[in-house]
Amino acid sequence: MAFRSICNKILIRSLFKNQNLRNKSSVPVRIVEVGPRDGLQNESVKVHPDVKIEFINQLSQTGLRTIEVTSFVSPKWIPQMGDNAEVFSGIKKETGVTYPVLVPNIQGCKLALKVGAEEVAIFIAASEGFSRKNTNCTIQESLNRTKEVIDLAKENNIKVRGYVSCVIGCPYDGKVPPSSVAKLTETLLTMGCYEISLGDTIGVGTKITVHNMLQDVLKTTTSDKLAIHCHDTYGQALVNILVALEQGITVVDAAVAGLGGCPYARGATGNVATEDLVYMLEGMGVNTGVDLKKLIKAGRYISDYIKKVPASKVNNALHSKLN
Ligand SMILES: [Zn+2]
């Protein structure tokens with residue numbers, strides 16, 4: 001089949017899909033902005049806490065409703081997040097915006113509670129290889145550690161969001177079976193997480209692999225308990241997000257300016273850029289509640305500071321037109 005004919009077929013099919021999504025636009029998509037945490041922790045430039053505070057304050061004005069601001073992890077492991085308490089306490093908290101923080105263990109959770117965090121996030125890898133290399137323990141040990149965190153959070157009426165990482169592939173173990181992701185997701189929800197974000201941490205997913213993984217997870221979990229977290233290593237993030245939307249998932253993680261890299265693929269891009277996601281969703285008639293112009297400005301602010309061209313096509317295309 002000629003290339004143009006294939007393109008036309010895809011276009012027509014996607015227009016129909018868009019129409020389906022548009023009909024469902026009473027269900028808007030909630031974007032979880034992870035730039036200040038997931039993004040900046042993977043950038044080599046150390047960002048001054050005052051700059052982080054200004055960056056997060058700018059993001060709070062864009063209409064985003066969830067902004068993950070920092071991580072209460074030991075500065076020995078991730079020095080970029082050593083200013084966690086200062087940043088969390090320094091930001092202006094807007095009504096209607098949630099500011100979750102990542103906690104790797106009970107110590108981190110206690111520190112987060114001390115500064116008044118109202119939501120924490122925990123993470124577990126779906127592959128043994130990644131779990132051992134990243135957290136120095138097996139998946140089961142990681143689950144035991146997480147249970148302590150969830151119990152403490154529950155005692156304090158704090159919501160817990162779960163991240164399952166490496167849901168498609170692992171840099172050490174290769175392909176990750178969808179059944180492992182489904183099992184872990186179910187376990188974390190039973191333990192008390194209110195939502196599980198399924199992370200393609202190394203960005204190897206494609207339309208088919210993401211679809212197959214979600215099909216397995218959705219056998220035991222409903223789509224309203226799930227979020228999708230895609231990295232753009234191979235340029236597949238938006239396509240994979242679209243697959244998740246078609247499966248009924250309405251929560252999507254993204255990082256403004258595509259902040260972050262991938263420590264397992266040198267020079268690769270990081271999280272899907274929030275600007276590109278908003279542009280796609282609004283173009284499909286799906287409401288995000290996010291002001292794209294303000295988002296582009298916040299993305300520029302942090303990109304200029306770390307002296308990096310935003311890994312967002314929309315930011316680069318539109319920024320000069322905003323001034
Ligand atoms: Zn990420």
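Heads up: numbering here begins at 1 and tracks the sequence. Whatever order the structure lists ligands and atoms in, that order sets their numbers, starting from 1. The structure displayed is predicted, hence computed values, not measured ones.
Annotation: cation-pi geometry satisfied between Lys93 and Phe88 (NZ/CZ under 6.0 angstrom from ring centroid, within 45° of ring axis).
Considering only residues two or more places apart in sequence or on other chains, Tyr163 meets the ring-ring contact (aromatic ring centres under 6.0 Å, His included) condition with His229. Remark: Lys92 engages Glu94 in a salt bridge (charged side-chain N to carboxylate O under 4.0 Å, His left out) (not counting sequence neighbours). Residues passing the salt bridge (charged side-chain N to carboxylate O under 4.0 Å, His left out) test with Asp253, sequence neighbours excluded: Arg161.
Listed by chain and residue number, the protein N/O/S atoms under 2.8 Å of the Zn ion (ligand 1) are Asp38 OD2, His229 NE2, His231 NE2, Asn271 OD1, with waters left out.
More than 12 heavy atoms of other residues, nucleotides or ligands shown are found within 6.0 angstrom of NZ on Lys308.
There is a side-chain donor-acceptor pair under 3.5 Å between Ser60 and Tyr99.
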